[in-house]
Amino acid sequence: MTGVLKNYINGEWVETKSVAFLDVINPSDGSLLSKVPAGSAEDVALAAEKAHQAYKSWREVPATQRIQYLFRMKQILEKNADEISAICTRESGKTFAESKAEIVRAVENIEVACGIPKLLQSDFSEDITRGIDEFVIRQPLGVGACIAPFNFPVMIAFWFMPYAIACGNTYIVKPSDKVPGTMTRIFELFEELILPPGVLNLVHGGKETVDAILNHPSIPAISFVGSTNVAKYIYQTGVANGKRVQAQGGAKNPVVVLPDADPDTTVKIIADSAFGCAGQRCLAASLAILVGEAGVTFTEKIVAAARTKKTGDGLEEGTEMGPVITRESMNRINGLIQRAIDDGATLLLDGRGIKVPGHENGNFLGPVILGNVNPGSEIYNTEVFGPVLCIVNTGTLDDAIELINRSRYGNSACIFTRSGSAARKFRHEVLAGNVGINIGIAAPMAFFPFSGWKESFFGDLHGQSNHAVEFYTQTKVVIERWHDEWTRKF
Ligand code: NAD
């Protein structure tokens with residue numbers, strides 16, 4: 001079969017043992033890009049076995065030498081950013097600029113992981129009692145695996161993988177079966193790294209592959225990013241199998257606007273946050289909570305800013321918003337919008353059914369804004385994952401915080417205001433892992449952990465920075481005695 005993606009295991013491109021294949025479709029025009037294996041436990045077993053063998057020698061390579069591969073990894077991504085971005089845009093639908101931005105975030109994580117010789121240092125106490133010292137060593141776990149979602153085909157694996165291998169683990173990346181070609185191309189380019197075989201492996205597939213990762217005894221650590229129900233399943237199954245699991249889930253992110261917020265920046269930032277990546281970002285603003293007078297002064301302005309967004313093919317100059325990932329996703333979103341209107345929401349901007357000339361088979365939706373959304377309604381409580389912004393009005397900041405804190409999700413919450421004390425109260429009281437103050441997408445830099453609370457995250461240690469280092473290492477405490485009389489005196 002032509003166009004079937006291969007796995008990369010032990011330094012070689014190998015054919016899958018999967019008997020079923022899924023079509024990888026360009027969301028912008030419905031064309032077939034490739035075919036991806038639906039999944040096979042045998043593929044995972046081979047990757048786990050080879051990665052485990054490679055781990056035995058990789059962990060002995062000094063950290064200062066391991067990071068030399070990461071310096072080259074950064075250069076490869078930067079040098080090939082245009083090519084990777086074009087593939088990413090074709091598979092995911094996001095704009096070329098959005099794809100390039102992903103690569104910047106991936107590179108940032110590699111840069112932080114290059115500091116691993118320092119990040120691995122730990123505590124030492126001399127003379128805990130006379131002649132006895134105690135200290136901690138951080139050691140790798142073995143084989144790690146990342147299971148990634150469709151919406152960031154490049155970036156997400158880099159929240160984990162560079163740290164894992166820098167710490168001396170070996171690794172398996174399982175990309176989303178909707179966008180598998182982007183990571184495949186990255187792995188082809190990474191052949192230039194000349195990493196020892198088995199250190200970095202790529203296995204394609206869907207649920208069967210994921211279940212094999214969850215059940216394989218040689219994979220002790222799993223990083224997952226995806227929807228909440230799957231995240232919960234991954235966390236519970238992995239933990240029941242004795243694994244270390246960090247599982248980032250879905251979101252419904254509120255932005256609160258106080259009446260004193262600066263109109264121009266607030267409106268522009270909210271429109272960018274809600275409609276960038278066609279709303280398919282785990283940090284996208286999907287709920288605007290307008291407090292008091294802000295309901296009167298901001299609603300029309302937000303609608304006007306959204307109306308100007310140009311929807312189209314992400315590779316075309318001037319496109320600000322691409323399609324949603326699949327036809328099913330588009331139909332699901334259209335259904336949610338219609339039921340919200342039937343539930344009493346006001347349709348303030350209707351992007352349904354828009355046509356993009358030359359892309360009649362694309363999954364396009366223009367920006368949609370719904371007003372008067374009832375906090376008890378389906379749309380209010382569902383992660384739409386599309387270009388839909390719901391507007392809710394409240395009387396006070398306290399009401400807004402209370403509404404946010406009732407949500408099942410806690411990925412991010414943002415506030416727009418000129419009042420320092422209101423902003424301080426918000427950041428102190430709001431139940432969310434990433435907080436933005438006059439910021440629309442509160443995405444932590446690579447040297448901070450990517451937080452997330454409630455049902456947006458299952459686990460303890462997050463991705464990125466020192467959390468990723470802690471996740472991919474285990475501590476060994478050593479207590480050491482050297483009696484004078486045992487030791488030759490010089
Ligand atoms: P998804 O949960 O459908 O898929 C994620 C991964 O899990 C994929 O690799 C997929 O192959 C696999 N998978 C899917 N169903 C499975 C099942 N039943 N059993 C085992 N494995 C399964 O998510 P998606 O649609 O690819 O991505 C969008 C979701 O990811 C959104 O909910 C979004 O909020 C979330 N997300 C969260 C973050 C975050 O940091 N919290 C970041 C990006 C995306």
Check against salt bridge (Lys or Arg N to Asp or Glu O under 4.0 Å), Arg332 and Glu328: CA-CA 6 Å; Arg332 183 185 55 81; Glu328 299 79 69; over 6 Å; no

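- Looking only at side-chain heavy atoms (C-beta outward), Tyr55 and Pro140 come within less than 4.5 Å of each other.
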Worked check of salt bridge (Lys or Arg N to Asp or Glu O under 4.0 Å) between Lys100 and Asp82: CA-CA 7 Å; Lys100 280 194 97 165; Asp82 282 354; 2.6 Å; yes

Residues Leu189, Ile84; criterion side-chain contact (heavy atoms from CB on, under 4.5 Å); working and verdict: CA-CA 10 Å; Leu189 294 164; Ile84 298 167; 3.8 Å; yes

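- For the atom pair CG (Asn201) and OH (Tyr171), the distance works out to 11.5 Å, reported to the nearest 0.5 Å.
- A salt bridge between Glu102 and Arg105 is absent, with no side-chain N of the basic residue lying under 4.0 Å from a carboxylate O of the acidic one.
- Looking only at side-chain heavy atoms (C-beta outward), Thr209 and Asp43 stay at 4.5 Å or farther from each other.
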Intermediate values then yes/no, side-chain hydrogen bond (donor to acceptor under 3.5 Å, both in side chains), Asn229 and Ser227: CA-CA 6 Å; Asn229 287 348; Ser227 53; over 6 Å; no

Residues Ile289, Ile404; criterion side-chain contact (heavy atoms from CB on, under 4.5 Å); working and verdict: CA-CA 9 Å; Ile289 305 179; Ile404 295 169; 3.8 Å; yes

Audit row: Thr95, Thr319, side-chain hydrogen bond (donor to acceptor under 3.5 Å, both in side chains) steps and yes/no: CA-CA 7 Å; Thr95 67; Thr319 297; over 6 Å; no

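- Side-chain atoms of Val255 and Phe416, non-hydrogen and from C-beta on, do get closer than 4.5 Å to each other.
- A side-chain N or O of Asp313 and one of Ser28 form a donor-acceptor pair less than 3.5 Å apart.
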Evaluation steps, side-chain hydrogen bond (donor to acceptor under 3.5 Å, both in side chains), between His204 and Ser18: CA-CA 10 Å; His204 290 296; Ser18 177; over 6 Å; no

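- Atom CH2 of Trp159 sits about 10.5 Å away from atom NE2 of His462, to the nearest 0.5 Å.
- For Gln338, the CD atom sits in a packed shell: over 12 heavy atoms of surrounding residues, nucleotides or ligands are nearer than 6.0 Å.
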Residues Tyr69, Trp58; criterion ring-ring contact (aromatic ring centres under 6.0 Å, His included); working and verdict: CA-CA 12 Å; Tyr69 295 94; Trp58 180 244; 5.5 Å; yes

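- At most 12 non-hydrogen atoms from other residues, nucleotides or ligands lie less than 6.0 angstrom from CD of Glu15.
- Checked by atom type, the side-chain pair Tyr472/Ser223 shows a donor-acceptor distance below 3.5 Å.
- No close placement of the Phe160 and Phe224 rings is indicated, their centers lying 6.0 Å or farther apart.
- With Ile234 as reference, Ile222 is the one residue of Asp211, Ile213, Ile222, Val239 to meet the side chain to side chain contact (heavy atoms under 4.5 Å, CB included) rule.
- Residues Lys355 and Glu360 are not paired through a salt bridge, judged by the lack of any N-O separation under 4.0 Å between the basic side chain and the carboxylate.
- Ion pairing between Lys178 and Glu91 fails under the 4.0 Å rule for side-chain N and carboxylate O.
- Among residue pairs with one or both ends in residues 370-384, those qualifying as salt bridge (Lys or Arg N to Asp or Glu O under 4.0 Å) are Arg339-Glu378; sequence neighbours excluded.
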Worked verdict on Phe458 versus Tyr233 for ring-ring contact (aromatic ring centres under 6.0 Å, His included): CA-CA 10 Å; Phe458 302 90; Tyr233 165 73; over 10 Å; no

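- Donor-acceptor pairing under 3.5 Å is lacking for the side chains of Asn169 and Tyr163.
- Looking at Thr346, Asp343, Thr299 one by one, the single match for side-chain hydrogen bond (donor to acceptor under 3.5 Å, both in side chains) with Asn372 turns out to be Thr346.
- Tyr8 and Trp13 have tilted rings, their planes meeting at an angle from 30° to 60° on a 0 to 90° scale.
- For the pair Glu83 and Arg185, the minimum side-chain heavy-atom distance is below 4.5 Å.
- In this structure, CD in Glu191 is found 10.0 Å from CD1 in Ile76, a value given to the nearest 0.5 Å.
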Full working for side-chain contact (heavy atoms from CB on, under 4.5 Å) between Arg352 and Ile337: CA-CA 9 Å; Arg352 292 173 298 170; Ile337 296 166; 3.9 Å; yes

side-chain contact (heavy atoms from CB on, under 4.5 Å) evaluation trace for Ile116 with Cys167: CA-CA 7 Å; Ile116 223 75; Cys167 290; 3.9 Å; yes

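- Note that Lys243 lies outside the cation-pi zone of Tyr235, set by a 6.0 Å cut-off to the ring centre and a 45° limit from the axis.
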Candidate pair Lys74 and Glu111, rule salt bridge (Lys or Arg N to Asp or Glu O under 4.0 Å), full reasoning: CA-CA 7 Å; Lys74 163 186 155 72; Glu111 288 168 349; 2.7 Å; yes

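- The number of heavy-atom neighbours closer than 6.0 Å to CD of Glu317, taken from other residues, nucleotides and ligands shown, is 12 or below.
- Atom-to-atom distance recorded for Leu200:CG and Asn10:CG is 12.0 Å, nearest 0.5 angstrom.
- Taking a 6.0 Å sphere around CG of Asn381, one finds it holds more than 12 heavy atoms contributed by other residues, nucleotides or ligands.
- The closest side-chain heavy-atom distance from Pro387 to Val324 is below 4.5 Å.
- Between Val373 and Leu370, the closest side-chain pair of non-hydrogen atoms falls below 4.5 Å.
- In this structure, the side chains of Met183 and Leu202 come closer than 4.5 Å at one or more pairs of heavy atoms.
- Here Asp272 pairs with Lys309 in a salt bridge; the nearest charged N to carboxylate O distance falls below 4.0 Å.
- If you run side chain to side chain contact (heavy atoms under 4.5 Å, CB included) between Phe150 and each of Ile156, Thr326, Val179, only Val179 comes through.
- Between Ile186 and Val173 there is no side-chain heavy-atom pair separated by less than 4.5 Å.
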Candidate pair Asn253 and Tyr409, rule side-chain hydrogen bond (donor to acceptor under 3.5 Å, both in side chains), full reasoning: CA-CA 8 Å; Asn253 303 307; Tyr409 298 111; over 6 Å; no

Step-by-step salt bridge (Lys or Arg N to Asp or Glu O under 4.0 Å) determination, Arg408 to Glu455: CA-CA 6 Å; Arg408 72 187 278 223; Glu455 294 208 13; 3.0 Å; yes

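- Dense packing is recorded around NZ of Lys454, with more than 12 heavy atoms of other residues, nucleotides or ligands lying under 6.0 Å away.
- Between the OG1 atom in Thr308 and the NZ atom in Lys268 there is a gap of 9.0 Å [rounded to 0.5 Å].
- Annotation for Gly250 and Ser456: closest pair O-OG, 2.7 Å, computed over non-hydrogen atoms.
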